[in-house]
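One structure is given here, and the rest of the page talks about it.
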Amino acid sequence: MSDQEKDTAEAVEAAEAIAPEAETADVEYTVEEVQAQLKPLSQNAFVRFWQKILRWWLGVWYSFSDKHPKLAPWIYKIFFFIVFSYGVTIWQFIVMAFLPAAFNGMGTDPVGWPNTPLVGDQMFVIFGDAKGWGPFIAFEIAVFTAQCINFPLQRNITYRSHGNPWYQAMWYFIGWVLVSLFTNTIWGLCNAYLIHWGSPDIVNTLLKTILTGGVSMVIFFFIFMVIFPDNNKMAKKARARYEKLVAANADSEKIAKAESKMKLWETKALKSNTESEYFKAKSQLNAAVMKYNTLVKASEKANRKAENAEEAAKTQNSEKAVAKAEEAKQKAAVYPEKIEKAFHAAVEAIKARDEKKIAFEEAQGVAA
């Protein structure tokens, strides 16, 4: 038996010993069934530590989300957007630190377009580079691979979009081309001056990554708002348009199109909402079981302290020791009620998770 299995078995045994009424408090679930809801932690101590941190944080986050339903989605989007954007910016820097060397054979003369004099003997280029085609090709490869990483992360995690991925990827590519034109123009100006001033290559690479990546990040935030729209808002707008056309006795073809669009967005909203609620319910279930386990372990510790204090009181036979033993017994006495409440909360979390799972699977079927 692994250490994780031993810990689980001991927790179950302790829970049954401390609060036997919990097992019969709800005939649908036993202590073992509640304990089984919590996915076992990794055997690796390092991974297990971060799993515990993640479970704790998810519990805190979803509690905050319940209290601030309007603010939480914005915090979520901005946080992951920045994390992923800076993550791919780091990727670009790493690629640009090494990849240009692979194109050294392409020469170092200024090339590109419009290739017009700017400062000293340095040229202004948008497509190309003041140090040859090599750095330009390496930069475009770095940026393109970064976008290949960034797009699925932003789509599936930050915005949780359920739109047509090929359609969204097309507009993302168009946006990337336009943003690249803009950032390349900025860099074309800066690069010529940096080289003219004798700035080291590694500094230039860092500045290029930060400048172009930072500008791109700001622009892409608004691009994402367009290609990954909020399904609930779009569904609300589509319904309002449909109802407006119906009320105005509009052409039947227009009404039919509006109805079709309304149903499409409502289906997307249903899918994204049920998905979000399902994952939220799973996390809240983990938090509920973890709280239950924590109380069980705390109760064990309190009972041991009470037993030790009682033994000490018998041995020392002093008023101080007796008072300490009584205090320890009172602290231990509050845990059975807390454990029973935590057990009921875990049971309710299981039911909520199961309900959300059914709703999610039904929505998946509707959207299919």
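Residue numbers start at 1 and run along the sequence shown.
- Other residues, nucleotides and ligands place no more than 12 heavy atoms under 6.0 Å from the OH atom of Tyr86.
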Apply side-chain contact (heavy atoms from CB on, under 4.5 Å) to residues Phe64 and Ile75 and explain how you reach the verdict.
CA-CA 11 Å; Phe64 176 83; Ile75 293 177; 3.8 Å; yes
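- Checked against side-chain hydrogen bond (donor to acceptor under 3.5 Å, both in side chains), Glu275 has the following partners two or more places apart in sequence or in another chain: His162.
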In sequence, state the C-alpha distance, the side-chain angles, and the governing distance for Gln364 and Thr274, and then conclude on side-chain contact (heavy atoms from CB on, under 4.5 Å).
CA-CA 9 Å; Gln364 291 286 101; Thr274 54; 5.9 Å; no
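- Looking at heavy atoms from C-beta onward, Gln37 lies out of side-chain contact with Tyr292 at the 4.5 angstrom threshold.
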Hey, mind stepping through Phe93 and Thr89 against side-chain contact (heavy atoms from CB on, under 4.5 Å) and telling me if it holds?
CA-CA 6 Å; Phe93 176 71; Thr89 299; 5.9 Å; no
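- Other residues, nucleotides and ligands contribute more than 12 heavy atoms inside 6.0 Å of the NZ atom of Lys282.
- Atom NZ of Lys280 has more than 12 neighbouring heavy atoms from other residues, nucleotides or ligands inside a 6.0 Å radius.
- Checked by atom type and distance alone, the side chain of Glu311 never pairs as donor or acceptor with a backbone atom of Asn308 at under 3.5 Å.
- Note that Lys338 lies in the cation-pi zone of Tyr335, set by a 6.0 Å cut-off to the ring centre and a 45° limit from the axis.
- A donor-acceptor contact under 3.5 angstrom links the side chains of Gln168 and Ser161, judged on distance only.
- A distance of 13.0 Å separates CH2 of Trp50 from CG of Asn44, quoted to the nearest 0.5 Å.
- Side chains of Ile358 and Tyr278 form no contact here, defined as non-hydrogen atoms less than 4.5 Å apart.
- A salt bridge is absent between Glu307 and Arg304: the closest approach of a Lys/Arg side-chain nitrogen to an acidic carboxylate oxygen does not fall below 4.0 angstrom.
- Residue pairs meeting the salt bridge (Lys or Arg N to Asp or Glu O under 4.0 Å) criterion with at least one member in residues 215-239, sequence neighbours excluded, are Arg239-Glu243, Arg239-Glu266.
- Residues satisfying the side chain to side chain contact (heavy atoms under 4.5 Å, CB included) criterion with Phe98, sequence neighbours excluded, are Ile94.
- Contact between Thr158 and Tyr76 at its shortest, heavy atoms only, is O-CE2, 3.2 Å.
- In this structure, Glu259 pairs ionically with Lys263, as a charged nitrogen and a carboxylate oxygen lie closer than 4.0 Å.
- With ring centers used as reference points, Phe81 lies 6.0 Å or more from Tyr159.
- A perpendicular orientation is assigned to the rings of Tyr167 and Trp171, their planes being inclined by more than 60° (bins at 30° and 60°).
- Distance alone, capped at 3.5 Å, places no donor-acceptor pair between the Asn150 side chain and the Ala146 backbone.
- Contact of the Arg155 side chain with the Ile227 side chain is not registered, since no non-hydrogen atoms from C-beta on lie closer than 4.5 Å.
- Residues meeting the side-chain hydrogen bond (donor to acceptor under 3.5 Å, both in side chains) test with Gln92, sequence neighbours left out: none.
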Show me the donor-acceptor pairs within less than 3.5 Å that the side chains of residues 173-187 make with the rest of the protein, sequence neighbours left out.
from	atom 1	to	atom 2	distance (Å)
Trp176	NE1	Ser180	OG	3.3
Ser180	OG	Trp176	O	2.7
Thr183	OG1	Val179	O	3.0
Thr183	OG1	Ser180	O	3.2
Asn184	ND2	Glu140	OE2	3.4
Asn184	ND2	Ser180	O	3.4
Thr185	OG1	Leu181	O	2.7

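- Seen from the ring of Phe360, Lys356 does not count as a face-on cation partner, given the 6.0 Å and 45° thresholds.
- Counting heavy atoms from C-beta on, the side chains of Gln147 and Val143 come closer than 4.5 Å.
- Using a 4.5 Å heavy-atom threshold, the side chains of Ile339 and Ser299 count as touching.
- Around the NZ atom of Lys268, the shell of radius 6.0 Å holds more than 12 heavy atoms that belong to other residues, nucleotides or ligands.
- Considering every non-hydrogen atom in both Leu99 and Ile141, the closest pair reads CD2-CG2, 3.8 Å.
- Phe103 pairs by the ring-ring contact (aromatic ring centres under 6.0 Å, His included) definition with nothing, not counting sequence neighbours.
- Put simply, NZ on Lys257 and OG on Ser252 are 11.0 Å apart, with the number rounded to the nearest 0.5 Å.
- Remark: side-chain polar atoms of Arg353 are not paired, donor with acceptor, to backbone N or O of Ala281 under 3.5 angstrom.
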